[in-house]
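Letters A, B, ... mirror the listed sequences (proteins, then strands); counts begin at 1.
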Protein chains: 2
Amino acid sequence: MNASFDVRESRDPADTEGSRPSDHPTQLCRICDINRETSICSRLPKDEFTRVLSLRDQFQFPPLHTIFREGDRAAHIYALTSGSVKLYKLLSDGRRQIVGFLFPGDVFGLTNLGGYPYTAETLNQSSTCRFPQKVLDPTRESVPMLERRMFDLAVRELMRAHEQMLWLGRKTAQERLASFLASLARRATERGQPESPVALPMSRSDIADFLGLTIETVSRTFTHLKKLGVIMIPDNSHVMLNNVPLLIKLSEGGAE
Amino acid sequence: MNASFDVRESRDPADTEGSRPSDHPTQLCRICDINRETSICSRLPKDEFTRVLSLRDQFQFPPLHTIFREGDRAAHIYALTSGSVKLYKLLSDGRRQIVGFLFPGDVFGLTNLGGYPYTAETLNQSSTCRFPQKVLDPTRESVPMLERRMFDLAVRELMRAHEQMLWLGRKTAQERLASFLASLARRATERGQPESPVALPMSRSDIADFLGLTIETVSRTFTHLKKLGVIMIPDNSHVMLNNVPLLIKLSEGGAE
DNA sequence: TCTTTTTCTTGACCTCGATCAAACAAAACC
DNA sequence: GGTTTTGTTTGATCGAGGTCAAGAAAAAGA
């Protein structure tokens with residue numbers, strides 16, 4: 001193994017590990033199904049792309065696997081290449097707030113403190129690209145485009161967080177769920193997937209903890225949207241959107 | 001006037017302007033009372049510091065002045081040098097969510113889309129350093145430390161946003177207000193100010209819109225914390241913290 | 001296949017915080 | 001000073017969403 005791939009040496013044993021598929025970092029990302037405007041290594045100039053790729057480490061995780069916990073030493077930055085992940089914070093009594101759901105191309109583990117500010121857990125079978133901070137840091141300094149990419153990713157997350165603060169602080173249960181479905185649909189199209197049906201890899205309980213509601217209210221609100229004819233629910237992990245304009249209207253309190 | 005100071009040419013007329021104090025950018029920031037670890041130009045190497053300073057533009061704004069509105073073309077990045085600012089998002093029916101209160105050293109206007117994602121409004125007499133995106137962008141590419149600084153600022157905001165999502169989604173009114181006061185106190189100490197009394201430059205209505213509550217609930221909760229002996233309220237814009245450990249405990253639901 | 005377990009839905013009731021309303025306090029203006 | 005305006009507090013009532021409880025429907029084992 002070439003020295004530049006020797007990132008296993010700098011690995012933080014606190015991070016839990018999944019299985020490692022055989023990969024050849026100097027070739028293009030073979031297991032990576034990402035082709036987005038803004039992920040960590042997309043659209044970098046060719047030699048810088050190769051350079052960044054050589055830093056990475058790929059892992060696959062089973063469903064419901066904890067990748068890292070809030071407070072763990074933040075030794076890596078992750079890019080999700082397939083599957084989906086939830087990020088959450090806990091209160092001491094067990095109350096939970098999910099601060100984000102992630103899909104392929106999304107990056108997580110960004111921090112400038114010592115520890116991760118949230119726990120990251122897979123929703124289903126997922127694979128990640130992992131970049132050790134220790135080797136990524138000097139590379140960021142010498143590859144301005146990479147540093148800019150990191151900034152863009154952080155800002156994108158920040159704007160998403162601000163949007164969710166509006167949901168949590170000022171929207172009704174129905175508006176929150178409509179906003180959530182509309183947002184999932186929009187993000188699916190950004191990944192080149194159809195707008196409908198929307199895949200819901202997370203449980204009702206996860207949706208509740210994301211929207212600041214209880215599972216009962218989430219369930220009742222799904223039923224209500226169904227009765228309004230805005231959605232159909234073929235199975236519990238898919239939602240058909242029958243009327244996206246109306247859904248968006250409902251998400252902003254436009255219609256009662 | 002030297003060409004490098006000619007940033008007025010690139011000014012976006014949509015941004016509302018305050019009065020411009022006479023200043024000499026090649027000298028050190030004279031009106032800038034910031035001395036923090038992480039503001040936009042603090043702790044840069046001397047010549048880079050001078051270079052970044054030469055890009056800036058200083059403005060003073062009166063209280064309750066709208067610096068920019070959500071959706072305005074994002075032509076500048078701002079650093080608050082004195083006073084305080086609120087950032088908020090609106091729903092079409094007027095419901096408002098304040099996504100952040102800013103104090104000296106804080107940066108706002110970070111985005112990578114065309115428009116600002118929130119409205120920025122002063123709470124009291126405030127002054128800002130303003131950097132035009134157009135001239136800051138190439139500088140960021142050639143000054144890696146500046147780009148890193150921007151990233152750090154975005155990440156700091158992101159972590160603050162995640163924390164507030166936990167408040168909004170999962171905390172009671174009392175826990176939110178206690179968290180808010182504890183957070184203001186901590187940030188004051190980070191700026192080298194005493195922990196108590198905490199200054200509240202914002203109205204009760206602003207606090208309500210920040211915490212996802214109504215003014216009545218905010219007022220009642222203040223009264224309740226007062227009765228518990230945790231705080232004293234000499235006047236409506238100051239809170240004395242009598243028992244910070246208990247306040248923190250209350251903020252996490254530790255005591256009932 | 002038939003349990004057993006888990007997740008989701010629905011109903012009945014309750015509570016925290018919202019709404020409505022009035023009194024009070026503090027500025028701002030004359 | 002007094003009057004108006006605006007912001008804050010307090011009280012009375014209401015309702016959206018939470019809690020508790022019981023079914024229904026998947027999912028996981030056996």
- [ ] Mind calculating the distance between CZ (A/Arg170) and P (D/dA16) to the nearest angstrom?
- [x] 16 Å
- [ ] Indicate yes or no: does A/Lys86 engage A/Asp209 in a salt bridge with an N to O separation below 4.0 Å.
- [x] no
Open item on the list: Does B/Arg73 qualify as a cation-pi partner of B/Phe68, given the criterion of NZ or CZ under 6.0 Å from the six-membered ring centre and within 45 degrees of its axis?
Closed with: no
Open item on the list: Using whole Å, what does the distance between atom C1' of nucleotide C/dC16 and atom NE2 of B/His224 come to?
Closed with: 13 Å
Open item on the list: Is the ring pair B/Trp167/B/Phe210 parallel, tilted or perpendicular, if the boundaries are 30 and 60 degrees?
Closed with: perpendicular
Open item on the list: Whole angstroms only, please: what is the CG-P distance between A/Leu200 and C/dC8?
Closed with: 10 Å
Open item on the list: Between the side chains of A/Glu175 and B/Arg95, is the shortest nitrogen-to-carboxylate-oxygen separation below 4.0 Å, so that they form an ion pair?
Closed with: yes
Task: Residue A/Ser219, side-chain heavy atoms: nucleotide from D/dG17, D/dT8, C/dT9 that is nearest - done: C/dT9
Open item on the list: If I take atom NZ in residue A/Lys226 and atom C1' in nucleotide C/dC8, what distance separates them, rounded to the nearest angstrom?
Closed with: 10 Å
Open item on the list: Between B/Glu157 and B/Arg160 (salt bridge meaning N to carboxylate O under 4.0 Å), is one present in this structure?
Closed with: yes
Task: Interatomic distance, A/Leu64 CG vs C/dT7 C1' [rounded to whole Å] - done: 13 Å
Open item on the list: So if I take the C1' atoms of five pairs at each end of the helix from C/dT1-D/dA30 to C/dC30-D/dG1 and get each local axis, what angle do the two axes make, rounded to 10 degrees?
Closed with: 40°
Open item on the list: Measure CZ/A/Phe222 against P/C/dT7 and give the value in whole Å, please.
Closed with: 16 Å
TODO: Can you tell me the distance, in whole Å, between the CZ atom of A/Arg95 and the P atom of C/dC16?
DONE: 13 Å
- [ ] State whether A/Arg186 and A/Glu195 are salt-bridged, where the test is any N-O pair (Lys NZ or Arg NE/NH1/NH2 against Asp/Glu carboxylate O) under 4.0 Å.
- [x] no
Open item on the list: So if I take residues 230-241 of chain A and measure heavy-atom distances to DNA chain D, which residues fall below 4.0 Å?
Closed with: none
Open item on the list: Under 4.0 Å, heavy atom to any atom of DNA chain C: which of residues 209-218 of chain B qualify?
Closed with: B/Gly212, B/Leu213, B/Thr214, B/Glu216, B/Thr217
Task: Whole-Å distance separating the CZ atom of B/Arg220 from the C1' atom of C/dA23 - done: 13 Å
